[in-house]
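Worksheet for the structure shown next.
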Amino acid sequence: METDILIAGCGCSGLYCALHLPSDCQVTVITKADEESNDSFLAQGGMCMLTGEEDYDAYFEDTLAAGHYENDRASVEIMIRSSQDVVEDLVSWGVDFQRDEQGQLMYTREGAHSKSRIVFHEDITGKEITSHLLMEAKKRPNITILEYTTLLDIICSDGICYGAVIRRADGTLEKVAADNVVLATGGVGGVYFHSTNFRHLTGDAIAMALRHNVALKDITYVQIHPTTLYVKEKETRSFLISESMRGEGAKLYDKNGNRFVDELLPRDVLTQKIQEQMQKDGTDYVWEDLRQIPSEELDSHFPNIIEHCRQMGYDVYNECIPVVPAQHYFMGGIRVDHESRTSMPHLYAVGETACNGVHGKNRLASNSLLESLVFAKRAAQDMAKESGRRDAKAQQAALAQVSLDDYRDGNRLEEEYRVAVQKVLGVH
Ligand code: SIN
């Protein structure tokens, strides 16, 4: 197959990148599972935005303080300054953020934010955004989405990316010649025992980067979300109890029903406090009291979380729920510059698999959707600047030297990638 741009991953970063490429550019988006099984669809709390010039310094400082001042400051500035344009884009494509009676955007709050600046749609903001991006992408004749199609490797020669090896839904292996390849493969939660991520998100692009000496950055910076619903049996995926519930007043209690912590501490600090409390109490969880949120707010803002708790046997209007920290987000990843270029020419990385340093050591809540969208658009704009097609002869030679036989044993490759990712992340 030949395509102008191959994008691996159809979460919000992959789709937003595709949507900002020129209409005469042939874009192929592949995804390992169905088009909705990506972490962007799971994002609950919302997306940060600059609410007004008077909030710029505080938003910048909150992002840096949460990130232990290890953030790339230029990335943070780009993200914050681009946020209003992103919201405008999304609204123009039909994304419905919560508004007040005057039609003004409403904002919620999460941990480590000094003020409310998070736009939201109930407790399913990621689904609202990503489903609209998907709808928009399907209207575009230049964008093709291939489900159950897996990126197995990138094809490169002399340190330049020329395409990729993929496995189609029917199991067929194929080489793809592409002018540019964009890695938008999401997080690494699939290599952890407890994670809020889809299980098939195993950091494949990280393994490919290791294989081909593409630079990585902040590779051990992994975020644990403080509050996921505790269940005794091992689940396929930990269910998030959104931080915005604590932002709206939910409280945390020890085994005796006493508050033991400021619920709006940055995620890494709060996670540590909860783990210490569990150890002290000899419990596998702490309690979260959602009854502290006015019931009208619970009903209108968090209907899906309440329903999930009900299905798991909890009546959140009358009792506390057990919560426990779980792996949630990867701040590190494939090192990229401000245009999302990796260290390998013609290879880009966007979204959770990429690291432009915006989050530093610990991501500020609800900066992930925004960061993904902002830097995906910049990748598209950068690719659009390129004039003319690639050196076809060099590309053909690079593809010719790859044997598909090396990719026939899918299980072996999957295991090899999993082990490589676990090793580099320090997961045991
Ligand atoms: C949440 O709703 O708590 C998750 C939002 C995020 O990961 O930023």
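None of the values given here were measured: they were computed from a predicted structure. By convention here, the first residue in the shown sequence is residue 1. Note that ligands are numbered from 1 as they come in the structure, with each ligand's atoms numbered from 1 the same way.
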As a test of understanding, state which of Asn356, Val350, Thr342 forms a side-chain contact (heavy atoms from CB on, under 4.5 Å) with Ile334.
Thr342
Between Ser40 (side chain only) and Gly126 (backbone N and O only), is there a donor and an acceptor less than 3.5 Å apart?
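No.
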Show me, by chain and number, every protein residue that has a heavy-atom distance under 4.0 Å to ligand 1.
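Within 4.0 Å of ligand 1, the protein residues are Gln44, Gly45, Glu110, His225, Leu240, Ser242, Glu243, Arg267, His328, Arg363, Ala365, Ser366.
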Examine [X] relative to [Y] and say whether NZ or CZ is less than 6.0 Å from the centre of the six-membered ring and inside a 45° cone about the ring axis.
X      : Y      : value
Arg81  : Tyr56  : yes
Arg237 : Phe198 : yes
Arg363 : Tyr329 : yes

How far apart are the closest heavy atoms of Ser116 and Thr51, and which atoms are they?
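Reported closest heavy-atom pair: O-CG2, 4.2 Å.
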